[in-house]
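Since this is a predicted model, take the numbers as computed values, not measurements. Each residue takes its place number in the sequence, starting with 1.
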Amino acid sequence: MAGVDLAKLGLNLLKNATSEERVELRSLWRDQAVVILFLRRFGCQVCRWTAVEVSKLKEDLSANNVALVGVGPEELGLKEFQDGGFFKGELFIDEKKQTYKEMGFKRYNALNVVPAALGKKVRNIVTKANAEGIPGNFSGDLLQSGGMAIIAQGGEQVLLHFAQDSPGDYVPLENIVKALRITTSAQQGERPQCNTDVCTR
């Protein structure tokens, strides 16, 4: 994780989405390894699909003393995200977006966000999400990107650091389990065959 000070990063405060308790980021990896999914927005359809995908690993992660955590950059859309059951891990809010900055997650601008959002990667995942009945909306900060971090127990090592280049970028399940050196029987979501119903919803 070049250019990121894990000790400094760990001091950032997150708000627990359920209890509203504020905790230091480093508390998430103090006693166990952790997979942290940094969402762009809670209403983002691609983020919701990715959250559903990563949640397929929840049982295998728990069995290997690995926590599954989701972090959002704002509260807008949180309740709908929770009610939709898209994510099986614990959810937090980075109200100051400081963790996003220190992780190197870029912000789009008015000129580059539209081409990025209309790119092939995004269209492919929207097709998958539509096929699986996962909705989305345009509420919230449309310019923030996200990513993922996998950190070893005690913060001794960063096992994976991933920052989105396109809003459609995500970490495949096989890369997550490989980084953690665990196994899973979870099946990666496949892009559905394109037909009129799937491609026009």
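- Looking at Asn64, its side chain never comes within 3.5 Å of a backbone N or O of Leu61 through a donor-acceptor pair.
- Atoms CE and CG, from Met103 and Asp94 in turn, are 11.0 Å apart once rounded to the nearest 0.5 Å.
- Leu11 and Ile151 fall into different hydrophobic clusters, where Ile, Leu, Val, Met, Phe, Trp and Tyr side chains are chained together by heavy-atom contacts under 4.5 Å.
- Judged as a ring-ring contact (aromatic ring centres under 6.0 Å, His included), and not counting sequence neighbours, Phe92 has no contacts.
- In this structure, SG in Cys47 is found 10.0 Å from CD in Gln144, a value given to the nearest 0.5 Å.
- Neither Leu76 nor Phe81 shares a network with the other; the hydrophobic side chains, linked directly or stepwise wherever heavy atoms of I, L, V, M, F, W or Y lie under 4.5 Å apart, form separate groups for each.
- Nearest heavy atoms, Ala163 versus Gly104: CB-O, 4.2 Å.
- Taking the side chain as every heavy atom from C-beta outward, Leu57 and Val177 approach each other to under 4.5 Å.
- Proximity of the aromatic rings of Tyr170 and Trp49 is defined here by a centroid distance below 6.0 angstrom, and this criterion is met.
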Decide yes or no on side-chain contact (heavy atoms from CB on, under 4.5 Å) for Lys96 and Leu13, but give the supporting numbers first. CA-CA 9 Å; Lys96 295 181 179 178; Leu13 289 178; over 6 Å; no
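- Qualifying side chain to side chain contact (heavy atoms under 4.5 Å, CB included) partners for Glu80, counting only residues two or more places apart in sequence or in other chains: Arg48, Asn137.
- In this structure, Glu21 CD and Leu14 CG are separated by 11.0 Å, a value rounded to the nearest 0.5 Å.
- For the atom pair CD (Glu59) and OG (Ser185), the distance works out to 8.5 Å, reported to the nearest 0.5 Å.
- Residues satisfying the salt bridge (charged side-chain N to carboxylate O under 4.0 Å, His left out) criterion with Lys79, sequence neighbours excluded, are Asp83.
- Here the CG atom belonging to Asn12 is positioned 8.0 Å from the NZ atom belonging to Lys8, to the nearest 0.5 angstrom.
- Residues Leu173 and Thr184 fail the side-chain proximity criterion, which asks for heavy atoms closer than 4.5 Å.
- By the side-chain hydrogen bond (donor to acceptor under 3.5 Å, both in side chains) test, Glu75 pairs with Lys15, sequence neighbours left out.
- With sequence neighbours left out, the side chain to side chain contact (heavy atoms under 4.5 Å, CB included) criterion links Val171 to Met148, Leu160, Phe162, Asn175, Ile176.
- Between the side chain of His161 and the backbone N or O of Ile150, no donor-acceptor pair lies under 3.5 Å.
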Apply side-chain contact (heavy atoms from CB on, under 4.5 Å) to Val66 and Leu180, showing your working. CA-CA 9 Å; Val66 180; Leu180 289 163; 4.1 Å; yes
Please tabulate, one pair per line, all N/O donor-acceptor pairs under 3.5 Å involving side-chain atoms of residues 25-38, not counting sequence neighbours.
{"unit_1": "Arg26", "atom_1": "NE", "unit_2": "Glu24", "atom_2": "OE1", "d": "2.6"}
{"unit_1": "Arg26", "atom_1": "NH2", "unit_2": "Glu24", "atom_2": "OE1", "d": "3.0"}
{"unit_1": "Ser27", "atom_1": "OG", "unit_2": "Glu24", "atom_2": "O", "d": "2.6"}

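- Qualifying side-chain hydrogen bond (donor to acceptor under 3.5 Å, both in side chains) partners for Lys106, counting only residues two or more places apart in sequence or in other chains: Asp165.
- Side-chain contact between Arg22 and Glu95: present, with at least one pair of heavy atoms (C-beta onward) separated by less than 4.5 Å.
- Side-chain contact between Val46 and Thr50: present, with at least one pair of heavy atoms (C-beta onward) separated by less than 4.5 Å.
- Annotation: side chain of Leu68 is in contact with side chain of Phe87 (closest heavy-atom distance under 4.5 Å).
- Considering only residues two or more places apart in sequence or on other chains, Gln98 meets the side-chain hydrogen bond (donor to acceptor under 3.5 Å, both in side chains) condition with Glu102.
- Ring-plane geometry between Phe105 and Tyr100 is classed as perpendicular, the angle between the planes exceeding 60 degrees on a 0 to 90 degree scale with a lower cut at 30.
- Inter-residue side-chain proximity for Val158 and Leu6 is flagged as met; some heavy-atom pair is nearer than 4.5 Å.
- Leu78 contributes atom CG, which lies 5.0 Å from atom CZ of Phe42 (distance to the nearest 0.5 angstrom).
- Partners of Ser145 by side-chain hydrogen bond (donor to acceptor under 3.5 Å, both in side chains), not counting sequence neighbours: none found.
- Residue pairs meeting the salt bridge (Lys or Arg N to Asp or Glu O under 4.0 Å) criterion with at least one member in residues 139-160, sequence neighbours excluded: Lys97-Asp141, Arg107-Asp141.
- Using modelled atom types, no side-chain atom of Arg40 and backbone atom of Gly146 make a donor-acceptor pair closer than 3.5 Å.
- Residues passing the salt bridge (charged side-chain N to carboxylate O under 4.0 Å, His left out) test with Glu90: none are found, sequence neighbours excluded.
- Here Arg41 pairs with nothing under the salt bridge (charged side-chain N to carboxylate O under 4.0 Å, His left out) rule; sequence neighbours left out.
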